[in-house]
Amino acid sequence: MPVLLSELVVFHYFSSMRTTLPFSSFDRLISFPLLFISFATLLATLFLGCRPNVPTYTAQKSEIYSTAAIAGPHPLATEVGEMILKKGGNAIDAAVAVQFAMAVCYPRAGNLGGGGFLVYRAADGDTRTLDYREKAPAAASRDMYLDDEGEVISDLSTLGHLAVGVPGTVAGIEAMFKEYGSLPWPELIEPAIQLARNGYRISQSEADRLNGFQEYFAQMNEQSPWMGDTFLVDQVIVQTELAATLVRIQENGSQGFYQGETARLITKEMEENGGLITAQDLKNYTATWRDPVTANYDNYRIISMPPSSSGGVALTQLLGMVEPYALDSLGFQSAATAQLMVEAERRAYADRAEYLGDSDFYPVPIGKLTDEAYLSERMADFSPDSAGTSADITAGAGLRKESFETTHISIIDSLGNAVSITTTLNGNFGSKVIVDGAGFFLNNEMDDFSAKPGVPNMFGLVGAEANAIAPGKRMLSSMTPTIVEKDGELFMVLGAPGGSTIITAVFQTFLNVAEFGMSLDEAVNAPRFHHQWLPDEIMVEPDALGEQVKATLAAKGYRFRDVGRMAVVKALQVLPDGRLHAVGDGRNPDDDVAGY
Ligand code: GLY
């Protein structure tokens, strides 16, 4: 640690000055070179952006706690959550503080300028969900991403100001706090303000990520702490403008974001760059409480997110379609199990494309889609002898290279209240637009709408009328924050970032525990596969499905595509003795757990 070294040397020099004055010539001989070296080291480390008062951290992936636990995407954020839980805050207090902290130290997905979903289960078993997904601005229109020939204009819904939906995060955080929070609001935001003001050290994976996106940041912005030549591990990032924005939220609640100075800065950013969001759009934004979608699977009850996310409905469908089969006897990732799961996924994602959208705007047939008889009928044409086929629709070049960036936190407090939150800017750093003067990234969530029926978005997902763009409508999500009960008691809290692969990651992680008897860290870290109807291929992580299994499935007509990694699960499990197993995913070097 160069900073510590230089601090020690300087300290040694000044303390020796106090005790040994007047210097002997030998002291001078030793001390002046030491002083020179120490100041040189200090200057060098300051030049690299390192500061003595900024804490270091390491990520911990799996731990068992006796009382309360949190799993999240970054050690500084989980540390904030642990601190709030230890000082008597409940799971919602911790969730509020962690979300603000993530907006500072996890900018690729933590956010003020995005949106998210909460699934909450109180200790008494009561369950609710909160939808704080972004909305299309009032000036948005169905064909806004199409050219004169009716073709989708590349990048318009992913990069820059037109890609931005009206942010929901701050309204959502305030709504959950007002309903369930117990500590003072300013106390929950203070740790994030300190992180922004004092700075924090970036990890290697963050440095890599930042370096990879500089070209886009430069296209969209003039200046930001996130812009520079080359970011290095341990470099300290100070975010003065973001700290000021957080103070406005600390003092005025969500009005500190949707009105006043922050709103002025957002609308100025929009007006000057061809964006659509107005002061009225911001003022009109509200988060919405909804009943969860629930599924029964053996002696488990799965509680998940209804539309505007497709996550809960699709997860319910997947579980309903595979439940009649004895997966445990078929075996983990055997050809038979993989084929069954892939065929269920094909059907669930086909339904997603046709029927799922914002239920405030479109009559999503949730009851029908999750009905046992419907799901059984859906699998009636399943044949273990050959691959099913997806409809023959041109799906473009498939998934874009941009990785899936969203993020998730799972929290259980000392009383047994459980929080499962997935939140996002959509792509890495969202639209890449940073609100000038306010210091935060804006989402590119408009890409989650179906810009044109049958044309895939950045996750290769297609959609139709249900997910067409309309003013004030929420774009369809795949986020699947989920809570699981076993025999009526809290059992698991889980969710993940990962775009379209979130749903199948939650599906597989649950089955790994419930059917294949894995411990939670085995279940989270097991390699995964994914099928989403279109493109008609099985995406496989390294080591997922063995070569023999792939050969068997290929002979039946399945096609494969290798991917480096898919969704990144963060999960908690209540063990039989009541202790809490917290697990972060090895797929993200910064995933971390904390608790006590
Ligand atoms: N933006 C990714 C999702 O909501 O599914």
Side-chain angles (χ1 to χ4, degrees), residues 73 102 106-111 113-119 129-136 145 157-159 163-169 172 287-288 290 293 304-315 318 345 348-349 352-353 356-359 364 399-400 402-409 420-432 441-451 456-463 466-467 469 473-482 494-507 530 532-534 539 566-569:
M102 289 194 305
Y106 199 68
R108 67 182 188 250
N111 65 82
F117 298 103
L118 158 75
V119 175
T129 76
L130 181 65
D131 182 342
Y132 50 106
R133 179 73 158 168
E134 299 91 326
K135 293 183 180 186
Y145 299 116
S157 63
T158 55
L159 184 66
V164 185
V166 182
T169 293
T288 306
R290 302 186 193 280
V293 173
S304 195
M305 197 65 214
S308 59
S309 184
S310 60
V313 170
L315 181 63
L318 292 171
E345 289 170 14
Y349 279 83
R352 181 194 190 281
L356 273 285
D358 182 350
S359 52
V364 180
L399 301 188
R400 285 166 48 123
E402 175 148 13
S403 70
F404 316 117
E405 280 311 335
T406 291
T407 192
H408 181 85
I409 47 173
S420 188
I421 286 178
T422 313
T423 175
T424 191
L425 288 166
N426 195 18
N428 267 295
F429 309 101
S431 60
K432 308 345 176 219
F441 284 95
L442 288 168
N443 67 82
N444 59 350
E445 220 72 66
M446 291 295 284
D447 188 63
D448 273 346
F449 277 117
S450 173
N457 73 356
M458 68 187 256
F459 300 113
L461 291 166
V462 292
N467 192 30
I469 303 170
K473 187 176 177 182
R474 291 179 158 111
M475 54 297 285
L476 184 62
S477 173
S478 299
M479 293 191 270
T480 315
T482 297
L494 74 165
S500 56
T501 70
I502 294 173
I503 301 165
T504 53
V506 171
F507 177 49
H530 168 85
Q532 60 180 45
W533 182 51
L534 293 174
M539 288 162 61
M566 291 190 274
V568 185
V569 173

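Indexing begins at 1, ligand by ligand and atom by atom, following the structure's order. Just so you know, these numbers use all the heavy atoms, side chains as well, and skip hydrogens, waters and symmetry mates.
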Presence of salt bridge, R133 and D358, under 4.0 angstrom: no
Using a 4.5 Å cut-off on heavy atoms from C-beta on, say whether the side chain of P481 contacts that of I421. no
Can you find a pair of side-chain heavy atoms, one from P497 and one from T424, that are under 4.5 Å apart? no
D131 backbone acceptor or donor facing R474 side chain under 3.5 Å: yes
List of N/O pairs, ligand 1 versus protein, all under 3.5 Å?
| from | atom 1 | to | atom 2 | distance (Å) |
| --- | --- | --- | --- | --- |
| ligand 1 | 1 (N) | N426 | OD1 | 2.6 |
| ligand 1 | 1 (N) | E445 | OE2 | 2.7 |
| ligand 1 | 1 (N) | D448 | OD2 | 2.6 |
| ligand 1 | 4 (O) | R133 | NH1 | 3.0 |
| ligand 1 | 4 (O) | R133 | NH2 | 3.3 |
| ligand 1 | 4 (O) | D448 | OD2 | 3.2 |
| ligand 1 | 4 (O) | S477 | OG | 2.6 |
| ligand 1 | 5 (O) | S477 | OG | 3.4 |
| ligand 1 | 5 (O) | S478 | N | 2.7 |

Please check if the side chain of S157 supplies one atom and the backbone of M446 the other of a donor-acceptor pair under 3.5 Å. no
For the residue pair Y349 and L461, establish whether any side-chain heavy-atom pair is separated by less than 4.5 Å. yes
